Each structure stands twice: as C-alpha cells, then as structure tokens.
Amino acid sequence: MSAQESVAVSSETAQQTPIAQKKRSAEERYYYASQRELIWWRFTRHKAAVFGAVVLIVLYLCALFADFLSPYSMDTRFEGYQAAPPTPIHWIRPDGGFQPYIYGLQRKLDQKTFKWIYTEDTSKLYPLRFFVRGEEYKFLGLFKTNIHLFGVEGAPIFVFGTDRLSRDLFSRIWAGARISLSIGLVGVFISFTLGVILGGISGYFGGVVDDAIQRVIDFLLAIPGLPLWMTLSAALPRDWPTLKMYFAITIILSVLGWTGLARVVRGKILQLREEDYTLAAIGAGASDWRIITRHLLPGFTSHLIVSITFSIPAMILNETALSFIGLGIQPPAVSWGTLLQDAQNLTAVAQQPWLLIPALFVIATVILFNFVGDGLRDAADPYQR
Amino acid sequence: MANHTQEPLLEVRDLKKWFPVSKGFLQRQTGFVKAVDGVNLDVQAGETLGIVGESGSGKTTLGRCITRLYMPTGGKIIMRADGETMDVSALKGKELSAFRKRAQTIFQDPYSSLNPRMTVLQTVGEPLLVNNVAKGKELEDRVTEIILQVGLRVEHLQRYPHSFSGGQRQRIGIARAMVLNPKLVVADEPVSALDVSIQAQILNLLLDLQQKYQLTYLFISHAMSVVRYVSDRIAVMYAGKLVELGPKQELLSHPKHPYTEALLAAVPKTSQRKRGMRLVSAGEPPDLANLPKGCVFVSRCKYAAEICQEQAPVLRPLGSDSFVSCHLAESLTLQGI
C-alpha cells in the first residue's frame, strides 16, 4: 500500500474527511478510495500501460484530425511522382542556419529496369512551413478551412513516399487510420452489446436458456473465422457506398466476436450470484434490477474493460486481413488493410519498401493495446478473489 | 411440540430442501441432494437456539430456508410477529418484503458478504432503501445510530470494505442485519472466520444487541464451544436431519444421541482430569444424494443395533423439553461434559 502514498488524492475524497488537511495520511486516503480509484492507482504504476494509453490517445487524435495533420487529401495525385520514395527532410541550410527544408525531386527512367529513379535537385531549396494554406477540407465536418499543420510551397513533400498512383502515403495513412482505428471500437461495441446481453441472460437465468445460448456459442466458435467472413463480405454488393460498406464489415466482424465476451459475462455472473453479498441483497429485499445493476454488473466492469481492450486489436487485425485480401473496405475508401494491398506483390515490396509502412502502424497499434490491456488486467485483478 | 404455553415465534414443520443433481450431456436429473430432510423445530421469541453440526450437515441450508434466501422444497415455516402469522414459504411481493424486515441473516464470511464497491453507508443503508423505510438524511441517521451500536465510528461511514479488518467487517454485516430492527436473526457461523480473540468480542456484541432489541437468534455453528456460550437451547443436526434438541444444560450434561456425545467429546477440555477420554467418531457422514435406509448415523455409531440398519428413527420427546431421534435413546448412558 505504501506505493500509493505518492499518488495524488482526488478532490472529492479529500472533502469527506473532517480531520485537518495536513494530518490526513496516505493510509486514510486509501480507506476512502473507491474500487475505481484503487484500479486507477495501480494502473498508473504500470509504466508500459501508461505509455501505451498515452500513445494510443495521440494516435486516435491524429486520426480524428487527419485532414489537418496531413499536407494533402488522400486522393490528390501528383503527376510525375509515381512511386516516389519518402522525401528527405534537411535541417541545416547550406549557409549554416537552422531550418527544415526539402529539395525538389527530379526523375529519370532507368533504361535497363524501367524503374523511375528519383534524385534531389539541390539547385533550389523549399522551406518546410507550419500552418500553411493548402487544399480545402471540412474541419471535423463542421466548417471549411484550408490550413494544414505543415506543408511546402513550390514542391510536394512526401513524408512516407507515394504509391503507384502517385498519392501521398502519409496523408493516406492518416485517412486510413480513421477507418482502421474506429472499426475496432465500433465492432467491439456491437460485440460488447451482444455479449453482455446474451451472456447476462445466460448466466442470470440459467436453465434451458443458458443451455441454448451456450450451444449457439459452441457452434459459432467451431466455424473457422476467415472463410466465414470471406463468404459474408463476398456476398455484399460491390456498389454500396463507403459508409454502408463500413458498417456491414463491422457487423460481419462482430458476428463471431461476441462469443468470448458472452462467456466472460456468464462466468462472472455465475460466480457473483453466489457471493454472500448478493444473497445479503436478496435477503434485504432488493429487486432483481437492483441486484443486477448494483451488485452484479459493477463486480465485473473492470473485467469487461480488460476483455474489450484485448478484443479491439483483434478486430483491427481482422479488418486489416479482410481488406488486404480485397474483401473488406473497398477503394476508394482507405484503411490500413487496403493500403497494404499495394504491397501484395514481391516487386512492389522490393522496390518500394515504404509501402509497408501501414503495417508498422497496425503492429504498433496492436502492441499498444496489449500493453494497456496488460496494465488494466493487473490493476483490476487483485480484488476479484 | 414444545411445552411452552406461549406460541412460538417460528415453527418449522417437516422442512425439506432438496437440490437436484443432474448428470451427462443432456443434463438429465438423476436425483437429489437432501441437504435438509424433514426438520421440525420451534423457536421461542427472545431465545437463542443454537444449531450445531459438522460441515455439510445442512445447518446453513436450514438457516437460508428460514430467511427465504432459498425456497424450501417442502414443509412449512410459520412465523408469528407483531400479531401477524406468516407462512414463510408462500410469501410473495409486499408480504415477502414485510417478512424480510423481520428476519435477517448474518453471514459467515466477512469478506464475501460485503460488496467491495459499496461504502459502509451504502451497504448498511441498502435494506432501509430497498424497503422504502428511510432515505436521504433519515437513512444516514439510522445507519449512524446502528453502526455506533455495533462498535464502529462515524468516520467509517464513507469507507469501503477493504479498509476494515475481519472483525470490523463482521460488525458491518451485523449492522446491516440489525438496521431494519428485525425480530429474528439467523446468525450463520458469524464468528468461525475470525480470530479467537475477536470471536469473543463479536459474541458479546451479539448478546448485547439481543438484550437491547429483544432479538431471537438462530445461531448456527460447527463449534460446540461457541454454541454453548450463546444458546438457551441447542439443536444437533446430522446429514440434513435433527438428531437431538434440548435445553443447553441438559443436552451438554446428558446427551441422548450418540452423535451428540461424539460432538461433545470433541470439545477441547480445560481440566487435566477430563482429558484422555476422547471419543472419536470414525468414518464419514453418508452421501446426501443417497441416504441409508435406516438411521443416518448408523455407519459411524458405535452403539448401532439391528433396528438402526432397518428403520429410520423419528424425532421424539424424551424427558422434559428434550427431543431425540434414536431408537436406543432410553437404554444408552452417554457421556456429557
């Protein structure tokens, strides 16, 4: 408990003590701490989890402000810059001053390999500027603006290079992040709703209902996931608009996703239903509704959050896999999976390795989610004897 | 069945609680575990009836049927309080709620009996809140009053269970049982999870509260030493049945059932003189899903005769105020303490 002494006390717990401010010891604070605060304290001690949570929040914010963050829109083509490598950014000017700048690119065709060779044209430098005016977009869908975080006037800047259709990969990755990162949340939300309701019914009422739901889960778990998703998404009309497609794919991914959660919920309810404090609430005359909402559900919300944290990355991976084989999100919509489609053939990977950068984002996101999940699990477990 | 002129507070008649046993893939029901099987007893207002027996003898199940935490499989429980007569196993809705205000339970495990996510105020106040007895400031006042009674302090109100010791947690559990001002309190092994030094404090607290509020206790324990400290009468349970029931002194000094004798022999002795006479009752209690035809204790009874194998004894009066369920009770001279 001593390690909690270093943690700052929240203002609302402080008010409840009549004792003078200075005398209040850390132990005292611990006594008045709710379960949520205890979990939070333990979570903040888990360095990797805190790091993961912070970086994930930054990632999600970047996805949210993708239009502002990226210098170009995801569909802008730069004629003459097909499959260009990442633009090198220079920091020290030839005359010695500090300023980030780039050179323009020249290309010529290699007559032997028929590959475009890009070289820097060092005759003129283009300074990197912040809050520049560029292409117009709608900021968060609210109002029109044309200010981008950074940009270069006079020459294009490709932080992560371009694809074969000469579009800026950096801008496309952030556009793709919107779909890839949010599909995990939306999909898990659907799985979560299904899982909690069906698992809850299964655990609380038991009997025939329980048996029926458990057999359905057994059946769903026995279906190999990828072929089922492929069949279902192949059955979707190709001409659906992006948004409709997006939700259809989410639902397809959630069809199998809820089973694990339903099992967790059922197990927890079965366990907590036998706790003496549940019996005591029955003995006190509490209604079914109060028992479920006050005594059963709060007992495993921390567990739910942990399983959700672990199922989001699984959902992201599934979307990426489906989109990669061409059955998930369809172009012109962009997700990390569709971006990786460009890296499907060996020559592309060998000659334009920057096309694999979206994979790094997928890997990083999954690892970060697992860090956070680990931290949450460690923080939530000790009180679930 | 008792000789008292006054009507008993609680009458339990032929009470049964059978748990179904199911097996196999299709969950076919293959039988019952007869946790409580035909129990008869009366509890007088204001007395403490101790119920003693080993683990699995059905004590807890009996207590939970009486407070309607479990629905009995068969038999009757009649409770008389404030001029009303209630058939406990048939209660529903409002009447059940009225009954719950009069019969409360103290649980054995002070750790699992408190919701870790609720403060003392919320836990102790819950019975008041769900029965619409009090809320807001009034609820807080009543909770404060009761937690002072059980030896906690006002500043404990906003704390969560993890900040309390086992003994303090049990005090919270007692406060929750007492806050509705019940008539009958079923204390289900209230001290067996506590240190010996704390046990005495909690037992004395229970006795104080009984005096102050004229409570009737059904005190369940596996430890004869605890039961004899608090009880007026003692009932001995074995394999879901009552084997002996009698006033404390009579039962302790002149046990009438061989199982009672064995239990008494297991009580730790304090004087040198009495040591060395330990009577060990070897063997295991019978399988509750598959009870023997005759007496349930026959396999462990050193006095067993042929009739014990063949015929199940019934609880019958013997002497003044005592009841025993043994064919040979009259002919045995058993050792008490």
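Residue numbers start from 1 in every chain, and the chains themselves are labelled A, B, ... in the order their sequence lines are given, proteins ahead of strands. Every value quoted in this text rests on a predicted model; they were computed, and no experiment measured them.
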Closest heavy-atom contact between [X] and [Y]?
X: A:Glu275; Y: B:Ser112; result: OE1-CB, 3.1 Å
X: B:Ser113; Y: A:Tyr277; result: O-CB, 3.4 Å
X: A:Pro298; Y: B:Arg117; result: O-NE, 2.9 Å
X: A:Leu279; Y: B:Leu69; result: O-CD2, 3.4 Å
X: A:Ala284; Y: B:Val130; result: O-CG2, 3.4 Å

Subject >> Separation of A:Arg294 CZ from B:Glu126 CD (nearest 0.5 Å) >> reply: 7.0 Å
Original post:
Rounded to the nearest 0.5 Å, how far apart are CG of A:Leu272 and CG of B:Asn115?
Top reply: 9.0 Å
Subject >> Residue B:Leu129 versus chain A: region with a heavy atom under 4.5 Å >> reply: side chain
Original post:
Is B:Arg100 reaching over with its side chain to a backbone N or O of A:Ile282, donor-acceptor style, under 3.5 angstrom?
Top reply: yes
Subject >> Test item: B:Gln104 side-chain N/O and A:Gly283 main-chain N/O as donor-acceptor pair under 3.5 Å >> reply: yes
Subject >> 4.5 Å side-chain heavy-atom contact, A:His295 and B:Met118 >> reply: yes
Original post:
More than 12 heavy atoms of other residues, nucleotides or ligands under 6.0 Å from OH of B:Tyr213: is that the case?
Top reply: yes
**OP:** Would you mind telling me which of B:Gln108, B:Arg64, B:His156, B:Gln122 has the largest number of heavy-atom pairs within less than 4.5 Å of chain A?
**Re:** B:Arg64
**OP:** Any chance you could lay out the salt bridge (Lys or Arg N to Asp or Glu O under 4.0 Å) test for B:Arg169 and A:Asp276, step after step, and finish with the verdict?
**Re:** CA-CA 13 Å; B:Arg169 281 163 171 255; A:Asp276 280 353; over 6 Å; no
